[in-house]
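These notes are about the structure you will find just below.
Both ligands and their constituent atoms are indexed starting at 1 by order of listing. None of the values given here were measured: they were computed from a predicted structure.
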Amino acid sequence: MAVHILEHPLIQHKLTLLRDSATGSKDFRELVQEVATLMAYEATRDLPLEDQEVSTPLQKTTGRAIVGKKLAIVPILRAGLGMVQGIERLIPAARVGHIGIYRDETTLRPVEYFCKLPVDLAERDILLLDPMLATGGSAVAAIHFLIRRGARPESIKFLCLVSCPQGVQALQQAYPEVEIFTAAVDEALNSRGYILPGLGDAGDRIFGTM
Ligand code: PRP
Ligand code: URA
């Protein structure tokens, strides 16, 4: 399935600010929200529309409105939380689920510790959020959770700020139906599983825990 690299100038400009090690937590948090909003705008381009009658102050007309589509926003804790508000701003009616996963620092394998999801996942389109797609282990584990709770793989879109070839390949191999939206596919992973050039540890920079 497709990998969408979001080349919009606003996204690319803000991503450069996010990469900058001189950007402090407050600005970093705000920028993550802003980029998430812009990414959600791109990722929802295919939402179906239907005609809807509306009365302007002057006359009746036919507008277009999103067909009663159910959406869920699911951040991967903790760093994915940083993207939620930016998307809720655009889609306030969406339900929000949470999946808690962290990477074991030695093995780089995902460790799951929390999962709370809307009960009717099978009926929802899902925006799965995590700023970083590195080895792909966390994203693959999160999608596994979603599917076990009834989600359809083709209804899941994965939104990340920065990815790398290894993570993209791992995700595509495990779940080819899941579309990936990313602001950048970076060059490589270092020996500790960090994306190069990347932006560092997204969770630590969002929450100021460096
Ligand atoms: C980071 C990031 C992803 C994961 C990506 O989370 O937010 O969830 O690593 O790496 P992967 O693709 O190799 O799995 P981290 O484990 O640092 O947890 P945190 O969000 O709690 O900081
Ligand atoms: N997680 C991060 O936060 N950053 C990386 O570069 C890789 C995984």
Side-chain angles (χ1 to χ4, degrees), residues 1 3 5 14-33 35-36 39-40 73-87 96-117 126-147 156-176 178-210:
M1 188 46 106
V3 180
I5 302 171
K14 290 173 194 294
L15 175 61
T16 302
L17 296 172
L18 284 166
R19 290 189 191 278
D20 189 342
S21 59
T23 300
S25 276
K26 177 178 177 292
D27 289 339
F28 193 89
R29 264 196 303 274
E30 287 172 8
L31 286 161
V32 169
Q33 299 288 4
V35 176
M39 293 185 81
I73 301 169
V74 181
I76 301 177
L77 308 182
R78 125 195 101 131
L81 281 176
M83 299 170 74
V84 173
Q85 274 180 13
I87 297 180
V96 182
H98 295 86
I99 296 178
I101 292 175
Y102 70 86
R103 272 199 325 179
D104 180 284
E105 281 182 11
T106 318
T107 64
L108 300 183
R109 292 304 305 151
V111 181
E112 298 112 13
Y113 60 91
F114 187 77
C115 184
K116 188 84 185 166
L117 297 166
I126 299 164
L127 300 179
L128 179 63
L129 316 177
D130 194 323
M132 310 304 281
L133 178 64
T135 65
S138 303
V140 168
I143 293 168
H144 182 68
F145 267 137
L146 295 173
I147 290 171
I156 302 169
K157 291 176 178 170
F158 181 71
L159 274 57
C160 61
L161 305 183
V162 181
S163 61
C164 65
Q166 187 175 336
V168 168
Q169 197 188 349
L171 186 43
Q172 285 190 314
Q173 218 161 358
Y175 294 110
V178 173
E179 279 183 83
I180 301 172
F181 293 79
T182 184
V185 182
D186 276 7
E187 288 156 27
L189 283 181
N190 71 11
S191 59
R192 293 174 49 231
Y194 278 88
I195 298 175
L196 298 175
L199 48 72
D201 188 307
D204 280 349
R205 294 193 67 188
I206 290 169
F207 295 107
T209 49
M210 297 81 80

Would the distance check show the side chain of Ser163 and the main-chain N or O of Val168 forming a donor-acceptor pair, the cut-off being under 3.5 Å?
no
Just by distance, do the side chain of Arg103 and the backbone of Arg109 share a donor-acceptor pair under 3.5 Å?
no
Answer yes or no: does atom CZ of Phe207 have more than 12 heavy-atom neighbours from other residues, nucleotides or ligands under 6.0 Å?
yes
Does Glu112, at its CD atom, have more than 12 non-hydrogen atoms belonging to other residues, nucleotides or ligands within less than 6.0 Å?
yes
Separation between [atom1] of [X] and [atom2] of [Y], rounded to the nearest 0.5 Å:
{"X": "Ile206", "Y": "Met83", "atom1": "CD1", "atom2": "CE", "result": "8.5 Å"}
{"X": "Leu128", "Y": "Tyr175", "atom1": "CG", "atom2": "OH", "result": "11.0 Å"}
{"X": "Thr106", "Y": "Asp104", "atom1": "OG1", "atom2": "CG", "result": "4.5 Å"}

For residues 200-210, which residue pairs pass the side chain to side chain donor-acceptor pair (under 3.5 Å) check, not counting sequence neighbours?
Arg78-Asp204, Arg78-Thr209, Tyr194-Asp201, Asp204-Thr209
List ligand 2's nitrogen or oxygen atoms that come under 3.5 Å of a protein nitrogen or oxygen, with the partner atom and distance.
from: ligand 2; atom 1: 3 (O); to: Ala202; atom 2: N; distance (Å): 2.8
from: ligand 2; atom 1: 4 (N); to: Gly200; atom 2: O; distance (Å): 2.8
from: ligand 2; atom 1: 6 (O); to: Ile195; atom 2: N; distance (Å): 2.8

Tabulating one pair per line, provide the atom names and distances (0.1 Å) for every N/O atom of ligand 1 that is less than 3.5 Å from a protein N/O atom.
from: ligand 1; atom 1: 7 (O); to: Asp130; atom 2: OD1; distance (Å): 2.9
from: ligand 1; atom 1: 8 (O); to: Asp130; atom 2: OD2; distance (Å): 2.4
from: ligand 1; atom 1: 12 (O); to: Ala134; atom 2: N; distance (Å): 2.9
from: ligand 1; atom 1: 12 (O); to: Thr135; atom 2: N; distance (Å): 3.1
from: ligand 1; atom 1: 12 (O); to: Gly136; atom 2: N; distance (Å): 2.8
from: ligand 1; atom 1: 13 (O); to: Arg103; atom 2: NH1; distance (Å): 2.8
from: ligand 1; atom 1: 13 (O); to: Thr135; atom 2: N; distance (Å): 2.8
from: ligand 1; atom 1: 13 (O); to: Thr135; atom 2: OG1; distance (Å): 2.5
from: ligand 1; atom 1: 14 (O); to: Ser138; atom 2: N; distance (Å): 2.9
from: ligand 1; atom 1: 14 (O); to: Ser138; atom 2: OG; distance (Å): 2.6
from: ligand 1; atom 1: 16 (O); to: Arg103; atom 2: N; distance (Å): 2.8
from: ligand 1; atom 1: 20 (O); to: Arg78; atom 2: N; distance (Å): 3.0
from: ligand 1; atom 1: 20 (O); to: Ala79; atom 2: N; distance (Å): 3.0
from: ligand 1; atom 1: 21 (O); to: Arg78; atom 2: N; distance (Å): 3.3
from: ligand 1; atom 1: 21 (O); to: Arg78; atom 2: NE; distance (Å): 3.2
from: ligand 1; atom 1: 22 (O); to: Arg78; atom 2: NE; distance (Å): 3.2
from: ligand 1; atom 1: 22 (O); to: Arg78; atom 2: NH2; distance (Å): 3.0

Table please: side-chain donor-acceptor pairs of residues 132-140 below 3.5 Å, with sequence neighbours left out.
from: Thr135; atom 1: OG1; to: Gly137; atom 2: N; distance (Å): 3.1

